[in-house]
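First comes the structure, then the notes that go with it.
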2 protein chains.
Amino acid sequence: MAVLGVGMTKFGKHPDKSLVDLFAEAFYEAFEESNIELKDIQALYYGNFVGEMTDGSGNLSGFMADEIGLRGIPAIRYEGACASSSVAFREAVRAVAAGYYDIVAVGGSERLYTAGTEIGTRALATAVDGVYEITAGLTFPGVFALAARLYSKKYEIPLEELREMMAMVSVKNHRYGAINPKAQFYGKLGDLKVEDVLNSRMISSPLTLLDCCPMTDGGSAAIIAAADLAEELVDTPVYVRGTGQSSAGGLFRQKEDIIRAIPRRKASEMAFKEANMTPKDIDFVEVHDCFTIAEIIALEAMGFFEYGQGCYAVKEGVTSIDGDLPVNPDGGLIGKGHPVGATGVSQVYSVVKQLRGEFKENPVKDAETGMTDTLGGDFGTLVNIILSVHRR
Amino acid sequence: MAVLGVGMTKFGKHPDKSLVDLFAEAFYEAFEESNIELKDIQALYYGNFVGEMTDGSGNLSGFMADEIGLRGIPAIRYEGACASSSVAFREAVRAVAAGYYDIVAVGGSERLYTAGTEIGTRALATAVDGVYEITAGLTFPGVFALAARLYSKKYEIPLEELREMMAMVSVKNHRYGAINPKAQFYGKLGDLKVEDVLNSRMISSPLTLLDCCPMTDGGSAAIIAAADLAEELVDTPVYVRGTGQSSAGGLFRQKEDIIRAIPRRKASEMAFKEANMTPKDIDFVEVHDCFTIAEIIALEAMGFFEYGQGCYAVKEGVTSIDGDLPVNPDGGLIGKGHPVGATGVSQVYSVVKQLRGEFKENPVKDAETGMTDTLGGDFGTLVNIILSVHRR
């Protein structure tokens with residue numbers, strides 16, 4: 001299976017664009033570079049998290065398909081919180097691999113910035129357990145604040161030392177977001193200092209505002225085809241080499257395992273196995289940095305660093321664009337923005353552009369294989385995807 | 001592919017049971033009759049429509065998997081309004097057919113009765129187009145009231161005459177619901193008269209209260225396995241012979257086509273083709289009678305009657321339990337209840353029980369092949385499933 005084309009809207013605030021508008025804009029960018037006709041697309045896999053709450057809109061996949069010109073095709077909406085469109089992407093790839101379809105469209109859209117802080121915060125909170133956790137007042141900055149404190153305690157790293165390294169993640173990702181024209185913070189916050197992050201408004205101790213990704217509106221899309229067909233259609237197909245998915249219950253079920261991110265360990269092992277690769281084969285990654293500590297946890301669970309060692313990677317420059325493992329060269333969720341249902345396929349967008357050599361603003365040198373990592377909720381849903389310019 | 005086991009909660013009001021509790025109860029009923037161990041289940045396909053709005057709960061599939069003892073497996077939440085768990089069922093079947101899994105669990109749960117009329121009505125309205133239709137005040141009784149009037153006009157059947165035949169659908173389905181112990185109206189409304197329906201409270205003219213299905217809490221589940229494996233595990237596997245799915249945009253995009261239900265025509269043709277069957281091969285159906293007129297429209301689009309003729313079927317007794325094509329012998333949505341995300345797999349439950357000869361209260365004589373029909377929104381999502389005791 002291979003990606004023919006990718007598209008995404010600029011991430012940011014789009015009060016005048018509906019969920020359909022945002023997806024359609026991304027879809028047509030992907031469609032234009034795929035050298036196909038609309039009638040060639042046989043199914044739609046669409047990810048959205050909380051359209052019901054932000055836009056009063058559910059049952060969205062049919063509306064998406066119809067309004068972009070794909071009337072009547074099977075159209076499925078996936079919801080796995082922040083991993084919604086990554087789940088959609090993985091299922092789309094597997095449907096094509098099984099021979100059910102030759103060409104399918106995939107993507108997502110979300111309108112959280114326009115929804116405003118109150119509705120947005122309530123909506124995001126639905127991704128944690130609804131019975132025991134939301135009712136106890138747990139929201140996402142709370143989840144990752146707990147994770148940061150647990151990380152500090154368990155790995156015996158003084159909290160102030162950890163906070164500085166977390167701040168370096170924010171500095172790095174904002175630096176890359178500021179030069180990505182599709183990013184929410186394009187042209188902004190590129191010269192952030194560690195002190196700025198440490199001294200910004202406290203959200204949920206020890207996380208400050210600049211440890212957190214923003215609320216975002218946006219859309220993303222990709223067109224997927226069988227590999228042989230892709231080679232006929234486009235000059236540089238990007239192959240889907242492996243995918244993995246796993247799940248978890250609420251935080252109260254995972255307890256201290258949260259900083260080991262067991263579902264991510266399982267999902268990434270599944271993806272590596274399918275790709276017949278190890279972490280050493282990955283040239284760069286786009287990981288789910290919803291908060292600075294989340295990037296550190298992600299890299300460890302994916303096997304790039306030992307547990308308790310990921311925090312030093314950013315400090316030592318390993319995860320910078322010219323390091324051994326560039327992480328989030330598109331700015332990540334922190335710098336690029338996080339329109340939840342669109343985020344997963346926007347990571348695919350960035351990886352595909354890098355592998356094609358089209359990510360001119362912040363290119364990863366000699367990149368041949370990249371990987372995405374998308375986290376839904378507090379590990380309820382976890383998806384990893386490995387993409388490469390090499391078919392096998 | 002075959003169904004090993006099925007389960008469902010009693011449909012009705014369950015204020016003390018969470019979405020997880022409802023699904024778990026249905027799941028364990030299905031699991032108990034499947035002769036497998038928990039570790040044999042490799043993935044979960046879960047349908048829910050509006051957990052975010054009724055329970056503040058999204059990202060539900062991981063929580064479901066974890067709490068029923070399936071920690072870490074890939075778990076996907078499907079949302080296609082009222083067809084949510086039918087979409088999940090179809091995708092589960094296709095994943096097993098492709099060889100990705102040997103055994104998977106599928107099902108759904110919803111809490112609309114407990115949510116109350118205001119939240120419930122708002123939540124249900126999110127299944128119509130969110131930009132042009134909800135904002136114009138369109139809710140579901142409105143959609144099907146328009147459909148009934150269009151049906152009357154287009155097929156030149158006086159509205160009062162049509163209303164009487166619609167009322168007969170309600171009488172029939174309530175009669176069957178009243179004898180189904182799992183139904184919301186078990187023991188109730190079994191001796192309804194046509195006049196009772198016509199004279200009940202007007203909801204959206206010409207639909208009265210008894211033309212409408214109720215708000216319901218409930219859960220449903222099924223275990224699916226590869227056919228060879230199923231034959232080793234259970235005495236009476238029920239084979240999935242064909243499935244189909246299609247989509248549509250909002251009502252303003254379908255216009256007068258709504259009473260021809262084009263997505264249903266496409267989806268059922270897809271299912272018949274895959275099963276190598278025609279409507280004549282189907283012994284009985286469980287169709288999506290969210291309103292009385294909806295049952296009539298469904299039967300026509302599925303090919304059982306000509307357009308404009310379905311309304312006479314109920315009058316002539318064709319759709320009664322002893323007619324040529326029993327329709328909704330479990331009471332349908334009107335008599336059994338409609339816990340949206342659970343409805344599709346509850347139809348599968350009823351068909352499986354009938355085919356195994358276990359639906360003692362209202363058995364379809366000599367039933368060998370049955371079909372389900374589930375409608376999401378105003379045709380945004382449409383799924384048909386054909387099940388049979390015969391493998392081929």
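Below, chains carry the letters A, B, ... as their sequence lines are ordered, and counting in each starts from 1.
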Check your understanding: With only heavy atoms counted, which part of B/V20 is less than 4.5 Å from chain A, the side chain, the backbone, both or neither?
Key -> neither
Check your understanding: Checking A/A127 against chain B: side chain, backbone, both or neither under 4.5 Å from a heavy atom?
Key -> both
Check your understanding: What residue in A/V131, A/I73, A/V383 has the most heavy-atom pairs under 4.5 Å with chain B?
Key -> A/I73
Check your understanding: Are side-chain heavy atoms of B/S57 and A/T126 found at a separation under 4.5 Å?
Key -> no
Practice item. Check A/F63 against B/D129 and note the closest heavy-atom contact, atom names and distance. Key: CZ-N, 3.4 Å
Point to revise | Residue selection (most heavy-atom pairs with chain A, distance under 4.5 Å) from B/A248, B/G377, B/G80 | key: B/A248
Revision key, fill the gap. Note: B/S61 and A/T381 closest approach over all heavy atoms is OG-OG1, 4.4 Å
**Study point:** Heavy-atom closest pair, residues A/I76 and B/Y78
**Key:** CG2-CD2, 3.6 Å
Exercise for review: Heavy atoms only: give me the nearest A/Q245-B/A75 pair and the separation to one decimal.
Suggested key: NE2-O, 3.5 Å
Exercise for review: Pick one of side chain, backbone, both or neither for A/L60, based on which atoms fall under 4.5 Å of a heavy atom in chain B.
Suggested key: backbone
Exercise for review: Output the distance between atom CG (B/N59) and atom CZ (A/F379), rounded to the nearest 0.5 Å.
Suggested key: 11.5 Å
Revision key, fill the gap. Of all heavy-atom pairs linking B/S246 and A/G72, the shortest is OG-O, 2.6 Å
Check your understanding: Among all residues two or more places apart in sequence or in another chain, which pass the side-chain contact (heavy atoms from CB on, under 4.5 Å) test with A/A271?
Key -> A/N384, A/I386
Practice item. Output yes when a side-chain donor or acceptor of B/S247 lies under 3.5 Å from a complementary backbone atom of A/P74, and no otherwise. Key: no
Exercise for review: Just jot down the side-chain contact (heavy atoms from CB on, under 4.5 Å) partners of A/V93, sequence neighbours excluded, or say none.
Suggested key: A/M1, A/F89, A/I224, A/V240
Exercise for review: Could you have a look at A/G376, A/S18, A/C82 and say which one has the most heavy-atom pairs with chain B under 4.5 angstrom?
Suggested key: A/G376
Check your understanding: What residue in B/M270, B/R77, B/R90, B/R122 has the most heavy-atom pairs under 4.5 Å with chain A?
Key -> B/R77
Study note, to complete from the structure: From the list B/E79, B/M64, B/E67, the residue making the most non-hydrogen contacts under 4.5 Å with chain A is B/E79
Check your understanding: So which bits of residues 258-269 of chain A come within less than 4.5 Å of chain B, counting non-hydrogen atoms only?
Key -> A/K266
Point to revise | Test item: A/R253 side-chain N/O and B/D66 main-chain N/O as donor-acceptor pair under 3.5 Å | key: yes
Check your understanding: Relative to chain A, which segment of B/D55 carries a heavy atom at a distance below 4.5 Å: side chain, backbone, both, or neither?
Key -> backbone
Study note, to complete from the structure: Taken to the nearest 0.5 Å, the spacing of B/Q254 CD from A/R71 CZ works out to 7.5 Å
Check your understanding: Quick one: which residues of residues 133-141 of chain B reach chain A at under 4.5 angstrom, heavy atoms only?
Key -> B/I134
Exercise for review: Please flag which part of B/L44 lies under 4.5 Å from any non-hydrogen atom of chain A: side chain, backbone, both or neither.
Suggested key: neither
Revision key, fill the gap. Smallest heavy-atom separation, B/Y100 atom then A/A97 atom, equals OH-CB, 3.4 Å
Practice item. Pick whichever of B/G56, B/G130, B/A98 has the most heavy-atom pairs under 4.5 Å with chain A. Key: B/G56
